[in-house]
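Here is the structure we will look at, set down as structure tokens.
In what follows, residues are counted from 1 in the order of the sequence shown. Indexing begins at 1, ligand by ligand and atom by atom, following the structure's order. Keep in mind that this is a model prediction, so the values were computed, not measured.
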Amino acid sequence: MNETEKMYEGLGISPAVYAFGQEIEKGLKSRFEAIDETAEYNQLKVVGAMQKSRVEAACFAATSGYGYNDLGRDKLEEVYAEVFHAESALVRPQIACGTHALAVALSGNLRPGDELLSPVGKPYDTLEEVIGIRPSKGSLAEYGVTYRQVDLKEDGSFDYPAIEAALNERTKLVTIQRSKGYQTRPTLSVKRIGELIAFIKERKPDVICMVDNCYGEFVEPIEPTDVGADLCVGSLIKNPGGGLAPIGGYIVGKEEYVENAAYRLTSPGLGKEVGASLGVMTSFYQGFFLAPTVTAAALKGAIFAANIYEKLGFAVVPNSTESRHDIIQAVTFGKAEGVIAFCQGIQAAAPVDSYVTPEPWAMPGYDSDVIMAAGAFVQGSSIELSADGPIKPPYAVYFQGGLTWPHAKLGILMSLQKMADAGLVQL
Ligand SMILES: *Cc1c(COP(=O)(O)O)cnc(C)c1O
């Protein structure tokens with residue numbers, strides 16, 4: 001037994017589980033190399049942008065009150081705009097989460113009588129209330145913004161004739177969700193997003209194309225703004241915060257549309273001019289600096305898990321060999337015990353709250369019990385190793401994150417250990 005194996009054993013990983021993991025990892029060398037190459041490219045992109053904007057120590061100073069002339073905030077927005085090859089950016093701790101960033105981008109750019117179109121099917125759950133698909137106080141629907149949706153075809157492709165038919169003189173904004181979220185459709189590659197935007201712009205050049213980029217940042221060498229997206233939106237407690245940002249969201253894109261969002265986030269007339277950074281700037285900068293390699297770690301974890309659980313006969317989405325466009329991995333266990341054991345393993349491997357045992361419970365807003373595993377430095381941060389699963393058929397677990405590859409590996413091995421201990425898998 002080598003020293004590393006002994007360390008694993010000390011943390012509760014049996015020699016059999018360790019050996020199984022080593023065998024799987026051996027087969028992933030070339031995939032991991034490709035991920036490292038993307039991380040290298042994206043790292044250069046971020047460092048280059050920070051150098052171009054002349055980031056300096058003064059950027060990390062805390063501001064308070066109105067936050068006029070907040071150097072760190074303004075330069076960080078320049079850095080984001082540069083990395084996304086966009087005209088402008090809004091990157092703020094006043095944006096509470098990803099849903100808030102999306103709500104601000106939408107409500108800042110839509111007016112009564114306008115129509116919003118989703119050509120990629122149902123958006124992320126929380127967006128249903130923002131849009132008013134599910135009636136909700138303050139929704140876009142209450143402000144007279146209508147909504148249309150075109151579902152993806154059975155095979156996951158775009159339904160171009162239906163999208164063409166759905167575009168009309170009132171269509172003001174098209175929202176495209178990159179990640180599959182908690183659905184089973186494939187995640188969209190940036191290239192496919194570009195093809196969809198080109199199709200739409202050919203028919204209606206003045207429509208605003210917005211991409212919900214959550215979980216997609218730095219997975220590829222290009223971002224949606226490189227292929228025609230007018231706006232790109234995401235959360236800082238996912239990929240671009242690099243695990244360090246304690247809160248926040250971003251909106252990047254065309255100057256006019258980012259401005260419109262800023263007038264909604266703060267106030268008409270004030271826009272980007274106000275909003276103190278309160279001392280979070282170091283974590284925003286440093287997190288963005290780390291984000292390419294953190295995203296790479298999470299991706300390696302997702303691919304490792306797909307290969308482990310596929311080998312054991314479980315359905316995994318994406319599968320063991322597919323190319324990746326976000327960091328989410330789904331594994332279908334077919335029974336509640338599998339979902340529970342998996343989540344308990346992820347929890348047991350966490351740096352924080354590893355001693356607690358997650359159990360399924362009736363969370364508000366869900367139609368079944370849900371189990372969640374998260375032992376994170378930042379509450380609810382899903383760039384940190386985390387997993388959750390609804391206790392209902394098909395008994396699938398969704399997991400994502402991992403700030404470092406060794407930790408993602410430990411978490412997945414621990415999930416496998418719990419599965420083996422419960423007699424759910426035979427190694
Ligand atoms: C996480 C996520 C959101 C919402 O972000 P929150 O920070 O949870 O509000 C929206 N869309 C997608 C695709 C997401 O993954």
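Near Y215, with a cut-off below 4.0 Å to any heavy atom, the atoms of ligand 1 are 15 (O). Remark: ligand 1 atoms within the under-4.0 Å shell around heavy atoms of Q177 are 13 (C). The ligand atoms of ligand 1 that sit less than 4.0 angstrom from a heavy atom of L102 are 10 (C).
With no hydrogens or angles considered, no side-chain donor-acceptor pair links Y398 and Q400 at under 3.5 Å. If you check the side chains of S415 and Y309, you find a donor sitting under 3.5 Å from an acceptor.
Nearest to atom 6 (P) of ligand 1 among the protein's heavy atoms is G98 N, 3.5 Å. When only non-hydrogen protein atoms are considered, atom 2 (C) of ligand 1 lies nearest to K238 NZ, 2.4 Å. When only non-hydrogen protein atoms are considered, atom 13 (C) of ligand 1 lies nearest to D212 OD2, 3.4 Å. Given atom 4 (C) of ligand 1, the protein heavy atom at minimum distance is T99 OG1, 3.3 Å.
Considering only residues two or more places apart in sequence or on other chains, Y395 meets the ring pair (Phe, Tyr, Trp, His ring centres under 6.0 Å) condition with none of them.
Of all the heavy atoms of H100, none lies under 4.0 Å from any atom of ligand 1, so neither backbone nor side chain is involved. Contacts between I237 and ligand 1 below 4.0 angstrom, taking non-hydrogen atoms only, are absent altogether.
Residues E223 and R178 are paired through a salt bridge, judged by an N-O separation under 4.0 Å between the basic side chain and the carboxylate.
Taking the ring axis of Y124 as reference, the NZ or CZ atom of K238 stays within 45° of it and closer than 6.0 Å to the ring centre.
Between the T266 side chain and the G271 main chain, a donor and an acceptor come within less than 3.5 Å of each other.
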Please tabulate, for side-chain N and O atoms in residues 275-284, each donor-acceptor pair with protein atoms closer than 3.5 Å (sequence neighbours left out).
from	atom 1	to	atom 2	distance (Å)
S277	OG	T63	OG1	3.3
S277	OG	D70	OD2	2.7
S283	OG	V280	O	2.7

